[in-house]
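Worksheet: the structure to be examined is printed underneath.
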Amino acid sequence: MASTEIARQAGEGVRGVPLAGHVGFDSMPDQLVNKSVNRGFCFNILCVGETGLGKSTLMDTLFNTKFEGEPTQHNQPGVTLKSYTYELQESNVRLKLTVVNTVGFGDQINKEDSYKSIVEFIDAQFEAYLQEELKIKRTLHSYHDTRIHACLYFIAPTGHSLKSLDLVTMKKLDSKVNIIPIIAKSDAISKSELAKFKIKITSELVSNGVQIYQFPTDDESVAEINSTMNSHLPFAVVGSTEEVKIGNKMVKARQYPWGTVQVENENHCDFVKLREMLIRVNMEDLREQTHTRHYELYRRCKLEEMGFKDTDPDSKPFSLQETYEAKRNEFMGELQKKEEEMRQMFVQRVKEKEAELKEAEKELHEKFDRLKKLHQDEKKKLEEKKKSLDDEVNIFKQKKTAAELLLNQAQQAGGSTTLKRDKERKN
Amino acid sequence: MGQQKNLDGYVGFASLPNQVYRKSVKRGFEFTLMVVGESGLGKSTLINSLFLTDLYSAEYPGPSHRIKKTVQVEQSKVLIKEGGVQLLLTIVDTPGFGDAVDNSNCWQPIIDHIDSKFEDYLNSESRVNRRQMPDSRIHCCLYFIAPSGHGLKPLDIEFMKRLHEKVNVIPMIAKADTLTPEECQQFKKQIMREIQEHKIKIYEFPETDDEEENRLVKKIKDKLPLAVVGSNTIIEVNGKRVRGRQYPWGVAEVENSDHCDFTILRDMLIRTHMQDLKDVTNNVHYENYRSRKLAAVTYNGVDNNKAKGQLSTKSPLAQMEEERREHVAKMKKMEMEMEQVFEMKVKEKVQKLKDSEAELQRRHEQMKKNLEAQHKELEEKRRVFEEERVNWETQQRLEQQKLEASRTLDKNKKKGKIF
């Protein structure tokens, strides 16, 4: 029997012992399966493609039901993603299916940013899972996994080659999600054109280094069918929910004047192959690849971005505790530094303002000192004037006094004469 | 959460269980079983009986053949295959448990071992580069109770109390062929009473939606703890080759459900609940360990008033993110406050300056007024003086003229001119 992963992990040193009877652990796979069935399954599909390529119809056809949503117009200003979740059941198997549609993809004149919202959406689902995984108290076993497990990329049936938008988008997505490229509305292409188209597409993907999902060939029970299907990629599909009577059966088909395209006829299109691969054989593998490859890549990049490392500079492995403590110290240090910086800034401003005000104060005092001086000069002048007036007054007073004295003398002399005269007159 | 949709035809995802089956077989399975009990209770024999193999043989002797002074924890790994399914079985033995005179803390090495396995898993789960994560955590602990017939020993109680929240504990009555069925019944009742009394949480079988399964589970529950007998020897009984213990009075058959509960144990442990034991270990015991460990790491240095007894649901990184946000808010507040204080102080100072300026201005104005008044006064004084002077001078002139005139008159009189 081929060696299992567990046996390989255990290494060479483990001894195998023979069993003397039926122990019963061969029921382990059943135990595991029972638990899964009880828990229910979960699958998330992302449909990327231009408006009008029949994405919704294909989903309806694949899952034999009518999903939500109306056909969109071509006038969307950007690419938005709309997701719907459904509970489906088939025999005892419950499936929580989420279908995510890209609305408005390829409709804009400038399509440079078309892939961005898709990448952001996929990353957001990874991020949500990562956050849950990192929580202290977490409930991973009942977590509703929203990560995209399969991306159906719808290629327009031009018959020539991939559009540059397709190449750019797929290149951006191939490390984040399992891409299954399909040729949409392939009933518009003739058989010979189709063969050439497929070859062209495949070679363009290879030459541009786009990694599409390969159906796994490591499990012998499905290796053969998977490898055959791998050679039929990309699948050329036709979708239809309308039924047409062929013979005495009602089959899903598209009716044209020149004939009827039967969806489930493998000569007409690859729909059956797609359904087989996507749902019946590899659904679990798609989910597993998303978890063990794409998610791990996202997680690794995210943690490295945040500065986490597995080994310290001496190549000794970090324990979780050390890692978190180191992170925490760094973080606290950063916060303290910010606080310090802000304080310093304020101290600086205070200093500056103080200097400013001091300057203003100085100017004010200088101004008033000047005024004071002017005033004092004025006062001095006034004093001088006063003094000179006083001097004049004094001089005048002296003059007056002198003159009066003279007058008195004269009057006394003349006065007596005048008196005599007056007396004589009188006599 | 999602909308219910009916399918109009066969889609094919009903094959998912098969896909899961296929992948699980390819991956292989692993299981770690720990056996704890005093020596001589037939632990190794039971393991050999359970797995129908000579795990412990002459070549790889079981721990009972090796004399230990203190409690050791030893692992034996074997790879067994059956029906296309490979199982990596690890048996963890604890020789020396309960064998010393003073058995205080003899459970500690066991607890340490369990924790170290959790630690290993936590570290490998937390690495940046994660490869496959080998699961060496203890999935189940079979605890062997000596068949005294009376009740649990203090050591039994102590051990189970300390381990029931770290590992799935399945207590068993060992060497049950020394008890009669009635004695066994009594013993079981007593043990279950004591287990409940001490609030020991032994492994519980999960409830399912299946009626049939629940009935079976109830049957098992009624027989707890399971009384088992193990044997390495095959004896012929009534033409059948069975595992059993030969006594002069008969053969105690290991797989005879009338004789002991071995088949129940085996079926439960291996055939029906092995996966559940792993799931409970992963979802409950490991998560408990992990959350306690991470909480300790996160709250290192954080004000423990916030975290008293509460385990946050956030990851340590999210915790840091929240702290960062809080800090930003705190800084903003601080900035605002500082700004306010700054503005206020500036206003104060500016006001003071203004007041000062106003004061000086006032004084200046006053002095100016004063000066002006003095000026006016002086001018008035001068004017008065000037007026006085002019008057006097005029008067003086008049007088002088008068005097001149009178003098001339006199002169003329003297000269005889005037009569």
Side-chain angles (χ1 to χ4, degrees), chain A residues 4-7 9-10 14-17 19-21 23-29 31-33 35-37 41 63-65 85-88 90-91 93 95-96 134-137 141 219 279-280 284 300 303 308 310 320-321 324 331 335 346 353 357 364 368 371 375 378 382 386 389 393 396, chain B residues 2-5 7-9 11-17 19-21 24-30 51-53 77-79 82-83 85-88 123 126-129 134 270-271 275 283 291 294-295 297 311-317 320 327 338 349 357 360 364 367 371 378 382 385 389:
Chain A
T4 60
E5 207 179 292
I6 295 279
Q9 256 179 49
V14 182
R15 59 185 167 121
V17 289
L19 303 172
V23 176
F25 60 84
D26 54 351
S27 67
M28 275 298 268
Q31 292 182 39
L32 187 65
V33 165
K35 275 190 172 277
S36 311
V37 171
F41 297 87
F63 288 97
N64 275 326
T65 185
T85 306
Y86 306 97
E87 304 269 355
L88 308 174
E90 193 163 64
S91 79
V93 178
L95 176 68
K96 199 176 223 134
L134 290 178
K135 274 188 189 171
I136 294 184
K137 236 179 168 186
H141 59 274
D219 186 343
I279 302 177
R280 296 183 186 178
E284 180 59 24
R300 189 162 58 238
L303 291 182
F308 281 91
D310 275 336
L320 182 71
Q321 188 126 7
Y324 274 130
F331 174 69
L335 293 187
F346 261 101
K353 200 65 183 195
L357 288 176
L364 185 72
F368 277 100
L371 283 178
H375 169 84
E378 285 275 322
L382 184 70
K386 243 189 179 165
L389 179 68
V393 168
F396 172 68
Chain B
Q3 215 185 54
Q4 198 84 26
K5 282 276 174 195
L7 307 174
D8 300 326
V11 176
F13 60 81
S15 69
L16 270 170
Q19 297 181 35
V20 171
Y21 189 100
S24 70
V25 169
K26 188 160 165 298
R27 199 182 314 123
F29 295 87
E30 54 193 345
F51 293 98
L52 292 177
T53 182
K77 274 194 208 277
V78 289
L79 200 58
E82 185 176 70
V85 176
Q86 247 190 14
L87 175 68
L88 179 65
N123 279 335
S126 310
R127 285 173 66 83
V128 173
N129 269 300
I270 301 174
R271 295 184 186 181
Q275 185 60 40
N283 299 339
S291 31
L294 288 184
V297 163
L311 283 182
S312 149
T313 54
K314 298 186 219 77
S315 72
L317 296 175
M320 280 200 278
H327 188 260
M338 279 191 179
K349 272 223 156 94
E357 189 177 358
L360 285 173
H364 166 75
M367 285 201 284
L371 221 57
L378 186 67
R382 179 171 279 274
F385 165 69
R389 191 170 75 173

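In the text below, chain A, chain B and the rest are named by the order of the sequence lines, each starting its count at 1.
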Quiz item: For Arg271(B) and Gln31(A), which heavy atoms make the closest approach, and how far apart are they?
Solution: O-NE2, 2.9 Å
Quiz item: Would Leu371(B) and His375(A) satisfy side chain to side chain contact (heavy atoms under 4.5 Å, CB included), going step by step from the backbone distance to the final call?
Solution: CA-CA 8 Å; Leu371(B) 221 57; His375(A) 169 84; 3.8 Å; yes
Practice problem: With sequence neighbours left out, write down each residue that passes salt bridge (Lys or Arg N to Asp or Glu O under 4.0 Å) with Arg382(B), or none if nothing qualifies. | Solution: Glu392(A), Glu386(B)
Quiz prompt | Greatest number of heavy atom pairs closer than 4.5 Å to chain A - which of Leu7(B), Leu79(B), Val11(B) | solution = Val11(B)
Exercise. Examine whether an atom of Lys386(A) lies under 4.5 Å from a heavy atom of chain B, and if so say whether it belongs to the side chain, the backbone or both; otherwise answer neither.
Key: both
Quiz item: So which of Glu5(A), Arg280(A), Glu284(A), Lys35(A) has the biggest tally of heavy-atom pairs under 4.5 Å with chain B?
Solution: Arg280(A)
Practice problem: Examine whether an atom of Val37(A) lies under 4.5 Å from a heavy atom of chain B, and if so say whether it belongs to the side chain, the backbone or both; otherwise answer neither. | Solution: side chain
Quiz prompt | Smallest separation among heavy atoms of Phe41(A) and Pro17(B), with atom names | solution = CZ-N, 4.2 Å
Quiz item: Which one, Val14(A), Leu32(A), Leu335(A), Val17(A), leads in non-hydrogen pairs under 4.5 Å with chain B?
Solution: Leu335(A)
Self-check item: chain A contacts, top residue of Ser15(B), Ser24(B), Ala14(B) (heavy-atom pairs, under 4.5 Å)
Solution: Ala14(B)
Quiz item: Should Met28(A) and Gln275(B) count as side-chain neighbours, where that means a heavy-atom distance under 4.5 Å?
Solution: yes
Quiz item: What pair of heavy atoms forms the shortest contact from Leu88(A) to Phe13(B), and how long is it?
Solution: CB-CZ, 3.7 Å
Quiz item: Quick one: CD on Glu87(A) to CD on Gln3(B), what's the gap to the nearest 0.5 Å?
Solution: 10.0 Å
Self-check item: Heavy-atom pair with the smallest gap, counting every atom of Val23(A) and Phe51(B)
Solution: CG2-O, 3.3 Å
Practice problem: For chain A, find which of Arg27(B), Glu30(B), Lys77(B) contributes the most heavy-atom pairs closer than 4.5 angstrom. | Solution: Arg27(B)
Quiz item: From Ile279(A) CD1 over to Gln19(B) CD, what is the distance, rounded to the nearest 0.5 angstrom?
Solution: 10.0 Å
Self-check item: Max heavy-atom pair count under 4.5 Å with chain B, selected residue of Leu357(A), Asp219(A), Thr65(A)
Solution: Asp219(A)
Quiz prompt | Region of Phe63(A) that comes under 4.5 Å of a non-hydrogen atom in chain B | solution = both
Quiz item: Hey, what do you get for CD (Gln86(B)) to OG1 (Thr4(A)), rounding to the nearest 0.5 Å?
Solution: 3.5 Å
Quiz item: Which residues satisfy the ring-ring contact (aromatic ring centres under 6.0 Å, His included) test with Phe396(A), sequence neighbours excluded?
Solution: Phe385(B), Trp392(B)
Quiz item: Taking Leu87(B), Asn283(B), Val78(B), Leu52(B) one by one, which has the highest count of heavy-atom pairs under 4.5 Å against chain A?
Solution: Leu52(B)
Practice problem: Determine the minimum heavy-atom distance between Val85(B) and Pro29(A), stating which atoms define it. | Solution: CG2-CG, 3.7 Å
Self-check item: Smallest separation among heavy atoms of Glu82(B) and Gly24(A), with atom names
Solution: OE1-N, 2.8 Å
Practice problem: May I ask you to name which of Ala20(A), Ser36(A), Ser91(A) has the most heavy-atom pairs under 4.5 Å with chain B? | Solution: Ala20(A)
